[in-house]
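Heads up, the thing below is written out as C-alpha cells.
A quick note: this is a predicted structure, and the numbers were derived from the prediction, not measured. The residues of the chain are indexed from 1 along the displayed sequence.
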Amino acid sequence: MKEVLLISGFMKRTLILLSLWFFIWFPLEAFCSTGNTSSSSNPKVINIGALFTLNSVIGGATKPALLAAIDDVNSNPNILNGIELKLILRDTNCSGFIGTMEALQLMESDIVVAIGPQSSGIAHVISHVVNELHVPLLSFGATDPTLASLQFPYFLRTTHSDYFQMYAIADVLDYYGWREVIAIFVDDDYGRNGISVLGDSLAKKRAKISYKASFSPEDPESKINDLLVEVNLMESRVFVVHANPDTGLNIFSVAKRLNMMSGGYVWIATDWLPSYLDSREAVDPSTMNILQGVVALRRYTPDTNLKKRFISRWKNLKDKGSTGPGGFNSYALYAYDSVWLAAHALEVFLSEGGNLSFSNDPKLSDTNGTALHLSSLRVFNGGQQLLQTLLRMNLSGLSGQIQFNQQRDLIHPAFDVLNIVGTGTHRIGYWSNYSHLSIVPPESLYTKPSNISSGSQHLYGVKWPGETSKVPRGWVFPNNGQPLRIAVPNRVGYKEFVSKDNSPQGVKGYCIDVFEAAINLLPYAVPHKYMLFGDGKRNPNYDEIVSQVAQNKYDAAVGDITIVTNRTKIVDFTQPYMESGLVVVALVKEAKSSPWAFLKPFTKEMWFVTAAFFLFVGAVVWILEHRINHEFRGPPRQQLITIFWFSFSTMFFSHRENTVSTLGRLLLIIWLFVVLIINSSYTASLTSILTVQQLTSGIQGIDSLISSSEPIGIQEGSFALNYLVDELNIARSRIVKLKDPEAYLRALNLGPKAGGVAAIVDELPYIELFLTSTNCLYRTVGQEFTKSGLGFAFQRDSPLAVDLSTAILQLSESGELQKFHNKWLTHTECSIQINQEEENKLSLSSFWGLFLICGIACVLALTLFCYRVFTQYRRFSPEDEEAEVEEIEPSRLSRRSILSTSFNNIMDFVDRKETEIKEILKRKNIDESKQTSHNSNGQASSPT
C-alpha cells in the first residue's frame, strides 16, 4: 500500500513539472514563430509579392491580370483548402535603385513567392535578394537570356526567353537569304544580351550583325535621328529593332521622317511592338502609317477556350485594376498563369509537409548601427523545397502548357510571325523551337516528327515597306561617299589579262572588261576606283593581294586571281569567269623514224597473245578436220607444217585448205572475224605512226618532273610555287621564278644544264598565250593536273560577290564572255601533241573480249568433238575386227593384240578416217544381226 502511494505521488510531481515546462516554453515558441505560420497547422493567409512598373504598357496589362488571378484562386474551393492568398504590390518605377528598395521592403512582409519584375535589369538586382532570402522569383516579363544562368537559382521565368526569340529572328533572316543585319537596341541588360544571342544565332547560319546601334530610353529624337542617319549610310538595309514598348516607337517615327520606311528597307521588331499595339484598343492611324511593312514577333499562346473566356472578362478587369496606359497583351496571360502556378505549387508544398516558417540570417544583422533594418529580412526556410516543387509542376494555363525542362525554361517556346499592314497586324506564320518556321499552329506539329530542313520552312507572303510584295535585296552599296576600293595587280607579263593604262579608268585588259560588263548588269550603281598593286617591275604576289582584301585595305580584287583553297578561307570569290589549271611546258623534238616501227602498234603482251591464238586456233581446226578431211592428213611432218601454214595464212585470208566439218567451219568464221578486227586496228595504228608527225620530250608530265632533280620554272607571283613545294614536295631550290614570256623562252632554250629550266609549270590560260607567241615551238606534256578558275575576290560575306556571280553567269549565257576572250586572248591552236608512245600502242585490254569469245568457241568445239569420238570408241571393239585389221594395217597388229585397251589404241582409233570407222561399225552390226538370227533358228529345230 505504501509502495502504491509512493508511485502515485511520484507521478503527480512528474505531471506538475511537465505542465510547468509546457506553459513556460510554448508561449515562447509561439512568440518566436511568424504570425501566419505554424509547425502543426496550415496558415490562414499566405503572402505573395509582385514587383513591376505600374505606369507602363506591360504593367497596365499585368496589374488587372494579377488581381483577377488572386480573386479566382481565393474563390476556388478546390485549391489551397481555404487558405487565402494575399498579393502585395510594389512599383519599381522603371528604376533599378527604386526596384531594389521596393524589393527589400516587400521581403519584410515575409512573402513566400515574388512575381515579377518586367525589367531584365531590375531582375538582375532583385535576383541577388531572393537568392539570399530563398524566395522563388517568378518573372513574367524579364526575358534577358543571361538570367537563366546558375548564378540565379531562385529566378524562374514564366514566359519564353529572348534566347528563342533571337533564334526565331535568325530563321526569318535565313529564310529570306539575308546575310547581314544592323541591330538597333536599347542599351541595357535586356537589349545588349538579347542582341548578343542574335549574333550567335546568325553566326550558325553564316550571317552576322554588321553594326550594333544602341540608344538609351532617355535619348531625345535628335540623338535617334543621328543614329539612324549613321546606319543609313551603311550597306545593310535589314534592321532588327530590340527595344521596350514604352519608348521603341520613336525609332520608327524618326525612320519615317528620314524616308527609311520606303521600298528596299527591311524592319524586324521583337515582341515589344506587338505588345504595344495589342495594348491599344484603337491604334492611332498615324502610328500605323509609320509601321507599314514591319515584320514583328509575338509570343504565341494557343487559342483555347480558357483564354477566350479570360479575354471576354478583360473589359471589367481593366476598369477595376488598371492604372497605367496599357490594355491587354500577352504579358497579362503570363502574369495570370504565374499566380496559378504559385498557388498549385503551394498546395503541393503544404500537402508534402512543407514548412512556411522564416528565420533570421546572421549575415543581415545591423552590427554597424545602420538605419537599413536589414535584420527585418528573414530567410524563407522552405524556399528550396518550394522551388523544386515549382520546377516539377505541369498544368494548363491561359498561355498554354506550363512545364519546365531541365534548363528551367518553359517547354514548347513559340512565336507568331506578324506583318503590319493597313490598320492592323496580319499573321504570316509561326515559329517554334520544334519545327521552326511554318504556316500551321505549333501544337499541331508536336505529334509529328521534327523537321527543320530548309524545304520544310514556310511563311505566307509579306507586304514590305513601300507596299511591295517583292522580297527586298537587303543591302545596297554604301551611301557614304566612298567608292569601292578595287586592287588590280600591276603585271609585268601577260598584260592581255590586266595592265596599267593612261585612260581615266587607269587599267585595261580582259579581266577589266569582264568586271565592268558584270557591274553594268547590276540593278544598282556601284561607284568604284581601281588601285594598282605592285611596282610594275615584277609581278605582285597574288596571295598578298587577297590578304589585304581580307584585312579591309581593299574592298575587292579584280584581275587574273586563281581560286584556290587557302584564299577561299579568308575572302569570298565570285563565280569563275574563266577555267584554269596547271600544266607542264617543255622543249620538244621531232621523233626519228625507227626501222622497227611496224612493231609499235601493239604492246608486247598483245603480240604474244595474238601469236598464241593463231597457233591455238590452227591446232583446234586440225583436230576437228583430221579424221574427215584428207587435206589435214599425211605424215606427221606434213601435218605440223599444215597447222602452222593454216594458222598464219588466215591472217591474210589466204588459207587454201577447205574445212569440211561443221564445228571447224563455225570456229573458222569466229576466228576470221577476230583476225579482221586485229588487222584493221593494226593497219590504222601503223598508218598513224608512219604518217603523223611525232614529237618527243625528256619530260613526259608532272610525274617525271617530280622524279627528276632538274630546275622548274614558274610565273612570279603565282600560287604554283606553294602548290609545288607544299603539295608535291618539290624542293624550293629547284624552283626558278620567271616574270614574263620572254623569260620563259630564254630559260627553255638554255635548258637545265646551261642555267635554264627543264620545264615550266604554269596555268593553262598563260601557257596558251605563250605557245602562240613562240609559234608552237614548245608543247604541253602530260595532262592538266589541277582544276581551278579565275574569279574576283571580295571581303567575306560581301553580298556584291553573290550578285556579281549571277551577272557573270548571264555574261556566259549571252556569249559576252567569249567575245571578251576573242578580243584579248586569241591564240593559235598547237594541235600536234607530244608522242606518248606507250599510250598510243594497242594493248590487250582493247581486245580481250574478242580473244575470250574465240577461246570459248575453241573449247566448246573440242568438247563436242571428244564426246563424239568417245561415243564411237565405246561401240568399237578391236577383238571383233582382227581379220579386218590385217587388211587395213598389218604392221599394227602385234601392238594392238598386246595392249588392246592402251593409249596407243585410243590414239590409233582417233587417227583413223571416220569413213573407215563407220564401215567397221556397219559390218559389225550386220554380223551381230546374222548371229542373232542363227541362234534363233537353231533353238527352233532342236528336239523337245
Side-chain angles (χ1 to χ4, degrees), residues 33-51 65-88 106-107 109-116 127 130-131 133-140 148 152-160 304 306-307 310 333-359 378-412:
S33 63
T34 59
N36 63 345
T37 61
S38 174
S39 60
S40 59
S41 61
N42 293 334
K44 294 181 179 180
V45 177
I46 298 178
N47 293 336
I48 65 173
L51 300 101
L66 289 175
L67 295 176
I70 292 293
D71 291 342
D72 292 345
V73 169
N74 291 333
S75 62
N76 191 332
N78 298 322
I79 189 170
L80 288 177
N81 297 323
I83 299 176
E84 179 185 355
L85 282 184
K86 181 180 178 182
L87 179 67
I88 303 175
L106 185 63
M107 295 302 165
S109 304
D110 290 338
I111 62 171
V112 296
V113 173
I115 298 177
S127 293
V130 298
N131 284 354
L133 302 180
H134 297 179
V135 177
L137 178 62
L138 305 181
S139 179
F140 57 85
F152 307 113
Y154 282 87
F155 176 85
L156 198 57
R157 201 189 327 263
T158 55
T159 184
H160 296 302
T304 60
L306 191 64
K307 174 183 172 182
F310 179 79
L333 304 177
Y334 292 111
Y336 183 92
D337 286 346
S338 298
V339 174
W340 275 94
L341 173 64
H344 281 285
L346 284 169
E347 183 181 34
V348 175
F349 173 79
L350 294 173
S351 67
E352 294 177 349
N355 184 13
L356 292 177
S357 63
F358 294 82
S359 60
R378 294 190 292 177
V379 177
F380 176 32
N381 296 326
Q384 181 62 32
Q385 182 181 350
L386 180 58
L387 175 63
Q388 297 303 319
T389 303
L390 287 165
L391 290 173
R392 67 174 189 265
M393 295 304 297
N394 184 2
L395 63 148
S396 296
L398 301 182
S399 59
Q401 187 176 1
I402 304 174
Q403 183 181 355
F404 298 97
N405 57 22
Q406 293 182 349
Q407 290 74 37
R408 307 204 308 178
D409 291 316
L410 287 178
I411 64 172
H412 301 322

Residues forming a ring pair (Phe, Tyr, Trp, His ring centres under 6.0 Å) with Phe349, sequence neighbours excluded: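 Phe349: no ring pair (Phe, Tyr, Trp, His ring centres under 6.0 Å) contacts found.
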
Residue pairs, two or more places apart or on separate chains, that pass ring pair (Phe, Tyr, Trp, His ring centres under 6.0 Å) and touch residues 67-88: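 Those involving residues 67-88 do not exist here.
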
Pairs flagged by ring pair (Phe, Tyr, Trp, His ring centres under 6.0 Å) wherever residues 379-410 is involved - sequence neighbours left out: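 For residues 379-410: Phe358-Phe380.
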
So do the side chains of [X] and [Y] get within less than 4.5 Å of each other, counting heavy atoms only?
{"X": "Arg378", "Y": "Leu133", "answer": "no"}
{"X": "Leu356", "Y": "Leu350", "answer": "yes"}
{"X": "Leu346", "Y": "Ile46", "answer": "yes"}
{"X": "Leu341", "Y": "Met393", "answer": "yes"}
{"X": "Ile83", "Y": "Lys44", "answer": "no"}
{"X": "Pro136", "Y": "Val130", "answer": "no"}

Non-hydrogen atoms of Leu51 and Ala114 that approach each other most closely: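 What the structure gives for the nearest pair is CD1-CB, 4.4 Å.
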
Heavy-atom pair with the smallest gap, counting every atom of Asn76 and Trp340: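 In this case the closest contact between Asn76 and Trp340 is ND2-CH2, 3.6 Å.
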
Val348 vs Arg392, side-chain contact (heavy atoms from CB on, under 4.5 Å): CA-CA, chis, key distance, verdict: CA-CA 11 Å; Val348 175; Arg392 67 174 189 265; 3.8 Å; yes

Residue of the set Val135, Ile88, Ile48 for which side chain to side chain contact (heavy atoms under 4.5 Å, CB included) holds with Leu106: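 For Leu106, the side chain to side chain contact (heavy atoms under 4.5 Å, CB included) test succeeds with only one of Val135, Ile88, Ile48, which is Ile88.
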
At what distance, to the nearest 0.5 angstrom, does [atom1] of [X] lie from [atom2] of [Y]?
{"X": "Arg157", "Y": "Leu410", "atom1": "CZ", "atom2": "CG", "result": "9.0 Å"}
{"X": "His344", "Y": "Ile402", "atom1": "NE2", "atom2": "CD1", "result": "8.5 Å"}
{"X": "Ile115", "Y": "Leu137", "atom1": "CD1", "atom2": "CG", "result": "9.5 Å"}
{"X": "Glu352", "Y": "Leu386", "atom1": "CD", "atom2": "CG", "result": "10.5 Å"}
{"X": "Phe310", "Y": "Ser399", "atom1": "CZ", "atom2": "OG", "result": "11.0 Å"}

Which residues satisfy the side chain to side chain donor-acceptor pair (under 3.5 Å) test with [X], sequence neighbours excluded?
{"X": "Ser139", "value": "none"}
{"X": "Ser359", "value": "Asn381"}
{"X": "Asp72", "value": "Arg313, Tyr336"}
{"X": "Tyr154", "value": "Gln384"}

With [X] via side chain to side chain contact (heavy atoms under 4.5 Å, CB included) - residues at least two apart:
{"X": "Gln401", "value": "Asn394, Gln403, Ile411, His412"}
{"X": "Gln406", "value": "none"}
{"X": "Leu306", "value": "Thr304, Arg309, Leu398"}
{"X": "Ala342", "value": "Val113, Leu138"}

Contact list for residues 338-349, test salt bridge (charged side-chain N to carboxylate O under 4.0 Å, His left out), sequence neighbours left out: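 Sorted result for residues 338-349: empty, none.
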
Donor-acceptor under 3.5 Å (Asn47 side chain, Ser109 main chain):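 Side chain of Asn47 to backbone of Ser109: a pair is present.
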
Trace of the side-chain contact (heavy atoms from CB on, under 4.5 Å) decision for Leu387 with Arg408: CA-CA 11 Å; Leu387 175 63; Arg408 307 204 308 178; 4.2 Å; yes

